[in-house]
Amino acid sequence: MTIETETEDTDNVNIFEVSDVNVYYGDFRAIRDVSIDIEANEITAFIGPSGCGKTTMLRSFNRMNDLIPTARVTGELKYRGVSLYDKRVDPVEVRRRIGMVFQKPNPFPKSVYDNVAYGPRIAGNVSKGAEMDDLVESSLRKAALWDEVKDRLKSSALGMSGGQQQRLCIARAIATNPDVVLMDEPCSALDPIATGRIEELMAQLKDEYSIVIVTHNMQQAARVSDKTAFFSVEVSEESDLRTGILVEFGSTDLMFSNPTDERTENYVTGRFG
Amino acid sequence: MALSTLNSGAEYAKEKVAADLQGKSFDFAGAVFRLSLLTGLAFGILILGAVMWDVLGDGTGFLFDRGWDFITGNAKSRSDEYGIFEGLRGTFWIGVFVVVFSFPIGIGAAIYLEEYAPDNRVTRFIELNIRNLAGVPSVVYGVLGLAIFVRALDGFYPNSLDKHLGSTTAAAGATLAILVLPIVIITSAEAIRAVPQALREGGFGVGATKWEVIRHHVLPYAAPGIFTGTLLSLARALGEAAPLILVGGVLGSLGPKSSLFELEQLGERFTAMPLMITQLAKKPAFVGDWNSATAAAILVLLVVVIFANLVAILLRNHFEKKRSN
Amino acid sequence: MSQTFGNLEIGDLTGSPARNRRERIVSTTFRITAYVSLLVSILIVLSLVFEAWTFIDGIEIGWLWGDQWAPPFNEYDLKTPLVGSLIVTGIAMLVAIPIGLASAIYLSEYANPTVRKWLKPLLEILAGIPSVVLGFFALRWVTPNIVQNLNADAPGFTLAAAGIGVGILTVPLIASVSEDALAAVPSSLREASAGLGAKRVTTTIRITIPAAISGLVAAFIIGVSRAIGETMVVFLAAGGGGNQAQFTASAFESGTVVTAAMAATTAPSDRLSEGVALQSLYFLGLLLFVITLLLNLIADRFVRKVRMVY
């Protein structure tokens, strides 16, 4: 079905190749027939109204949907050429390569240091004290948090502000040296200043990591992303069931200046959603 | 119907406002209701007070007179020589059985039900079964202990003249461990259910396995709740008498005194604090000072049981307050 | 430092076999612990049914009707323990429902946080008092101070004293289950009522209690189940400690109940040896198990109803 498995040039590697993916929760179909290719070292934004399945799509990239017992994925979802939903694939291994930042900052109730060190520690790659110290420092620096917390690494992460907590969660995600970072509305619980800092951070991180971000905020998508996917809700006429569909996917500039689909245009100009 | 209720409510409100504004309303019905509630509550607390007073009054004097002898002495036939050591020893070993068997099995089952079990009929049946087990009268667990442990062990000595070789400390401990198992499961499951899903997701998100998420995040967060529940169930086990009677506990002296930690006693006849109290309470009140001896024994048991309860309650309140901040 | 990822092979994502094995061992272990509870239930039912059958098989049916429960003499008048249980449970509920319900309503609707903070632990401590202690209390305090005041001819052991003792024991249970039911009523209902100008007593009686009724019924049923299953209070205070009890329908006489009769057959002072008399214990146990199981299942239904509505 998919033909574009080979890459055209080295800069344009596809990290995800999604074709005809449906996600069900029990009998309920949350997203329908989504096909999308996501490139490496770019920021891809998923936008769309509530209930359009953008978060569901994001969470199927690192098999977080497995945590919901009734969730089921059909279709082909490839990560760097390997089918993610192959029976032999271990979700733990997937999540070590594909990190995640959540909507609400969720640091562990541990010290700042232990939050960052947790991922590498369980992965068993880094164990030595000094090596771990370096990794914690570099991760916190990448998350633009080091200067604020370097004197209080041993104090609880729960005492920090919301914005700091979210940057700590980013540091925690990149400490395992992942390939991709998934961000699920990472700024929705933050004030504008904290949001600005996270957006700056994303721009810096994309050199090293591929980022997929779900956002409610169109301006944010326009500011930070290279590509944008617009999801929408389709309401079935006979059953009144709501299903998420992918309407349009392309470069962010084009999506916001010259959308091809009327629904996208309505959404980005604020007439809908 | 709904409409008329609404109307009468509005009417009522209008009258009420008028009355209130004229300042001549005394809420008589409210006062009576409140008073009757308070009376009920006061009864509950008065009873607690009466129990304590009754026991404390009689027991403390006796305990102070007898002192350490009462704790370390054996069950003698005279109230002024009586000691409760054998009962304390049995109760101690019952506690050990509960800690060693009920706690790990109960917490393990709670982890399975909350973290692993698929949402299907089998799981729902197990949960229903556990809730029902928690409601089975304690004396029925005694029947189980008698049928399984005692008679199974009796079978090892078919030619013995003593019919009750199976009535051992081990059988008693195992019976009470089974008795409190459902309580341990239910309270631990509640504590685990209260762990925020975001915490689990954070763990999974950095590539932790299920067991790592449970061990590093779920259990530490749920620990105070689990500890509270296990402590309450331990207190429950230490106070139970009925199942022990069925398992064949001795209401009297065991004979020669062995020390607290000797393992051989697991295979020997047993008694426990609640059994000693039963036996003491059955003695005629007018002979000797048995009434005070009973009260003193109760006092010792209450100190142990209420202390465990109190620690559990305070701990839970402390963490509830801390979490809500 | 940064990992380089080209295209991956399936083997890159299958995870470490050792880690997967460890995960499987852990989850299997937990599953086994959960199944222990099923095993316990099966063993309870099997031992009760099997032995109860042996009992029924070993007696003549006529022995089950007479004027006393006395296993050593092969007299197994069933109505003696059953009516005894009925009397004791009835008295217990007369004591426990008003006190338990009043405490629950006060704690949930009236008490301010400080009062709650002190009262709830007190009720919980009452819940933690071992039943043998309340048995002693019923025998030595309730009997002379309450029962013999109500009826001067009452003997030292009465079903009434046992009933009051069992009632005290049941108060905290009824209070806490009722309070949960009242707390489950959304505060928006109370606010709506108050917004119409209703006084607190009106809101409580007309709105809150009807809304919580399923949970309150569940509390009463659980209370009844607990009272029927209580052993030690009756064993000590009702004279049910012996292996012989005359039938009585009066609360002011000594008697026995199902649980106490069970305990008496194995109580060391007059322990029965193996045989049909001892097996009567299993028969009563099965009776008790079935009754409490039905009550608990019904209560469970009511509790679920509360959860489904709110």
Side-chain angles (χ1 to χ4, degrees), chain A residues 26 58-59 61-70 90-110 114-125 139 156-159 165-166 168-179 181-184 189, chain B residues 109-128 189 191-228 315-325:
Chain A
L58 188 80
R59 292 167 74 99
F61 286 140
N62 67 343
R63 307 242 338 222
M64 277 312 255
N65 278 337
D66 287 22
L67 301 187
I68 301 160
T70 55
D90 180 8
V92 170
E93 206 58 49
V94 173
R95 294 182 197 126
R96 285 184 183 171
R97 291 161 189 263
I98 306 175
M100 189 156 201
V101 177
F102 298 85
Q103 189 168 353
K104 225 177 129 237
N106 61 347
F108 302 131
K110 299 172 189 287
D114 285 337
N115 261 277
V116 181
Y118 181 71
R121 207 176 274 154
I122 56 168
N125 332 333
S139 303
S156 168
L158 298 181
Q165 287 189 5
Q166 194 63 303
L168 178 66
C169 290
I170 293 174
R172 180 178 74 186
I174 58 186
T176 56
N177 197 16
D179 181 18
V181 179
L182 306 175
M183 297 186 173
D184 183 5
Chain B
I111 292 173
Y112 176 76
L113 291 173
E114 293 302 315
E115 301 290 323
Y116 288 95
D119 183 22
N120 61 19
R121 267 196 208 158
V122 179
T123 306
R124 278 194 294 273
F125 181 72
I126 294 180
E127 283 171 346
L128 178 72
I192 292 172
R193 212 172 305 140
V195 177
Q197 185 64 11
L199 195 58
R200 294 189 183 88
E201 289 189 339
F204 283 120
V206 289
T209 64
K210 190 150 208 164
W211 173 227
E212 282 163 347
V213 167
I214 292 170
R215 198 160 37 115
H216 299 147
H217 306 298
V218 174
L219 287 183
Y221 191 95
I226 293 177
F227 186 67
T228 301
L315 197 80
R316 185 197 56 206
N317 291 354
H318 172 75
F319 275 93
E320 264 176 12
K321 212 166 114 192
K322 207 170 146 193
R323 291 266 157 79
S324 63
N325 286 346

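The structure presented is a predicted model; accordingly, all values stated were derived computationally and were not measured. Just so it is clear: chains get the letters A, B, ... in the order the sequence lines come, proteins before strands, and each one is counted from 1.
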Subject >> NE2-CG distance between B:H216 and A:D114, expressed to the nearest 0.5 angstrom >> reply: 11.0 Å
Subject >> Nearest-0.5 Å distance, CZ of residue A:R95 to OG1 of residue B:T209 >> reply: 10.0 Å
Subject >> Within 6.0 Å of NZ in A:K104, more than 12 heavy atoms from elsewhere >> reply: no
Subject >> Within 6.0 Å of CZ in B:F227, more than 12 heavy atoms from elsewhere >> reply: no
Original post:
Counting heavy-atom pairs under 4.5 Å to chain A, which of B:P220, B:P196, B:A198 comes out on top?
Top reply: B:A198
**OP:** State, to 0.1 Å, how close B:L199 and A:P109 come at their nearest heavy-atom pair, and which atoms those are.
**Re:** CD1-CD, 3.4 Å
**OP:** For A:T176 and B:V206, work out which heavy atoms get closest and say how close.
**Re:**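 Of all heavy-atom pairs spanning A:T176 and B:V206, the closest is CG2-O, 4.0 Å.
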Original post:
Is it the backbone or the side chain of A:L67 that comes under 4.5 Å from a heavy atom of chain B, or both, or neither?
Top reply: side chain
Original post:
Which answer fits A:L182, side chain, backbone, both or neither, if we ask what part of it has an atom under 4.5 Å from a heavy atom of chain B?
Top reply: neither
**OP:** Applying side-chain contact (heavy atoms from CB on, under 4.5 Å), name anything that partners B:E115, two or more places apart in sequence or on another chain.
**Re:** B:I111, B:I192, B:R200, B:I214, B:V218
Original post:
Do the ring planes of B:H217 and A:F108 sit parallel (below 30°), tilted (30 to 60°) or perpendicular (above 60°)?
Top reply: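 Ring orientation of B:H217 relative to A:F108: parallel.
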**OP:** Identify whether the distance between the nearest side-chain nitrogen and carboxylate oxygen of A:R96 and B:E212 falls below 4.0 Å.
**Re:**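 Salt bridge present between A:R96 and B:E212.
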**OP:** With sequence neighbours excluded, tell me which residues meet salt bridge (Lys or Arg N to Asp or Glu O under 4.0 Å) with A:R63.
**Re:** A:D66
Subject >> Pairwise side-chain contact, A:R59 with B:E201, heavy-atom cut-off 4.5 Å (strictly under) >> reply: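 Yes, at least one pair of side-chain atoms sits under 4.5 Å.
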